[in-house]
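Everything on this sheet refers to the single structure shown next.
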Amino acid sequence: PLNTLTGFASTGIEHTLSPTSVSLRVNPKPGIGYDVRADYDTKLGRLRDTSLWTTWQHDKFQFAGTYVKTNALEPQTFSANHVQAQVGYGSPNARGFSAGLTFSYNIQTRELLNSNSRINYMWNCCGVSLEFQQYHLGARTESRFTFSFNLKGIGNFGNLKRPESLF
């Protein structure tokens, strides 16, 4: 199915063949990875989209970044030029301090699309998590603060789900 072949829409124009997808992933050593993807439309003879992704992890520090460029080749589709970055320290499931920040930025419109920042501290018996999210998606702009207090083996109190790693 097209939705498992690539993450980009390609069903607006009748095609005999799906777009040619190229994917290259390189992991030169543990904790470092790179991924390059591209879709070429054989009917229109143009590049549909490209993405570049990298991740770096060393001890408790993590970084990941993605760049996506999409060309509007068909009616009802849009071009995009976005970058997303994630930075983190520690593990929200392990004892001690952890924090993470994720943001998405539209290079074309020079707008911050969303951001998510989270801090956690876990003890042997319990933990506290705080999160702040912002969305700016054209017609919808929203900010939200959530929290959670976790007692191990008993449950959570608050409006934030169990801490999950950003990576």
Evaluate Thr54 against Trp56 for side chain to side chain contact (heavy atoms under 4.5 Å, CB included), listing each step before the verdict. CA-CA 7 Å; Thr54 185; Trp56 175 81; 5.7 Å; no
What's the shortest heavy-atom distance between Asp35 and Ser23, and which atoms? OD2-OG, 4.4 Å
Would you kindly confirm whether Leu24 and Tyr40 end up in one hydrophobic cluster when ILVMFWY residues are joined by side chain heavy atoms under 4.5 Å apart? no
Taking C-beta and beyond as the side chain, do Pro28 and Tyr34 meet within less than 4.5 Å on heavy atoms? yes
Using a 6.0 Å cut-off, check whether atom NZ of Lys152 has over 12 heavy atoms from anything other than its own residue. yes
For residues Leu130 and Phe145, determine if any side-chain heavy atom of one lies less than 4.5 Å from a side-chain heavy atom of the other. yes
Given Leu113 and His82, is the side chain to side chain contact (heavy atoms under 4.5 Å, CB included) satisfied, shown in steps? CA-CA 9 Å; Leu113 299 174; His82 295 176; 3.6 Å; yes
Any carboxylate oxygen within less than 4.0 angstrom of a Lys/Arg side-chain nitrogen, looking at Asp39 and Arg37? no
Is the shortest heavy-atom distance from the side chain of Arg95 to the side chain of Asn124 under 4.5 Å? yes
Ala94 versus Met122, closest heavy-atom pair with distance: O-CB, 3.4 Å
Roughly how far, to the nearest 0.5 Å, is OG of Ser98 from CD1 of Ile119? 9.0 Å
Test item: side-chain donor near acceptor, Arg46 and Asn71, under 3.5 Å: no
For residues 124-133, which residue pairs qualify under salt bridge (charged side-chain N to carboxylate O under 4.0 Å, His left out), counting only residues two or more places apart or in two chains? Arg118-Glu131
Using modelled atom types and a 3.5 Å cut-off, is there a donor and acceptor pairing between side-chain atoms of Ser51 and backbone atoms of Lys69? no
Are more than 12 heavy atoms from other residues, nucleotides or ligands located less than 6.0 Å from atom CZ of Phe157? no
Hey, could you give me each pair passing ring pair (Phe, Tyr, Trp, His ring centres under 6.0 Å) that has a residue in residues 109-129? Not counting sequence neighbours. Tyr121-Trp123
On a heavy-atom basis, which atom in Gln86 and which in Gln84 lie closest, and how many Å separate them? NE2-NE2, 4.2 Å
Does Asp41 come within less than 4.0 Å of Arg48, counting only side-chain N to carboxylate O? yes
Can you find a pair of side-chain heavy atoms, one from Ser117 and one from Gln134, that are under 4.5 Å apart? no
Closest heavy-atom contact between Ala99 and Phe97? CB-CZ, 3.8 Å
For Arg110, which residues count as a salt bridge (charged side-chain N to carboxylate O under 4.0 Å, His left out) partner, sequence neighbours excluded? none
Besides Trp53, the hydrophobic cluster formed by Ile, Leu, Val, Met, Phe, Trp and Tyr side chains linked at under 4.5 Å, directly or via other members, contains none
Nearest heavy-atom approach of Gln108 to Ala80 is OE1-CA, 3.7 Å
For the CG atom of Asn106 and the CG atom of Asn114, what is their distance to the nearest 0.5 Å? 11.0 Å
Beyond-backbone contact of Asn120 with Ser129, side-chain heavy atoms, under 4.5 angstrom: yes
Checking one residue: Tyr105. Which other hydrophobic residues are in its cluster under the side-chain 4.5 Å linking rule? Val36, Leu52, Tyr67, Val83, Phe103, Ile107, Leu112
Asn150 and Cys126: side chain to side chain contact (heavy atoms under 4.5 Å, CB included), yes or no, with the steps? CA-CA 5 Å; Asn150 180 325; Cys126 56; 5.9 Å; no
Using 0.5 Å steps for rounding, measure from the CZ atom of Phe63 to the CD1 atom of Ile32. 12.5 Å
Check which hydrophobic residues are tied to Val22 through side-chain heavy-atom contacts below 4.5 Å, counting indirect links as well, and list them. none
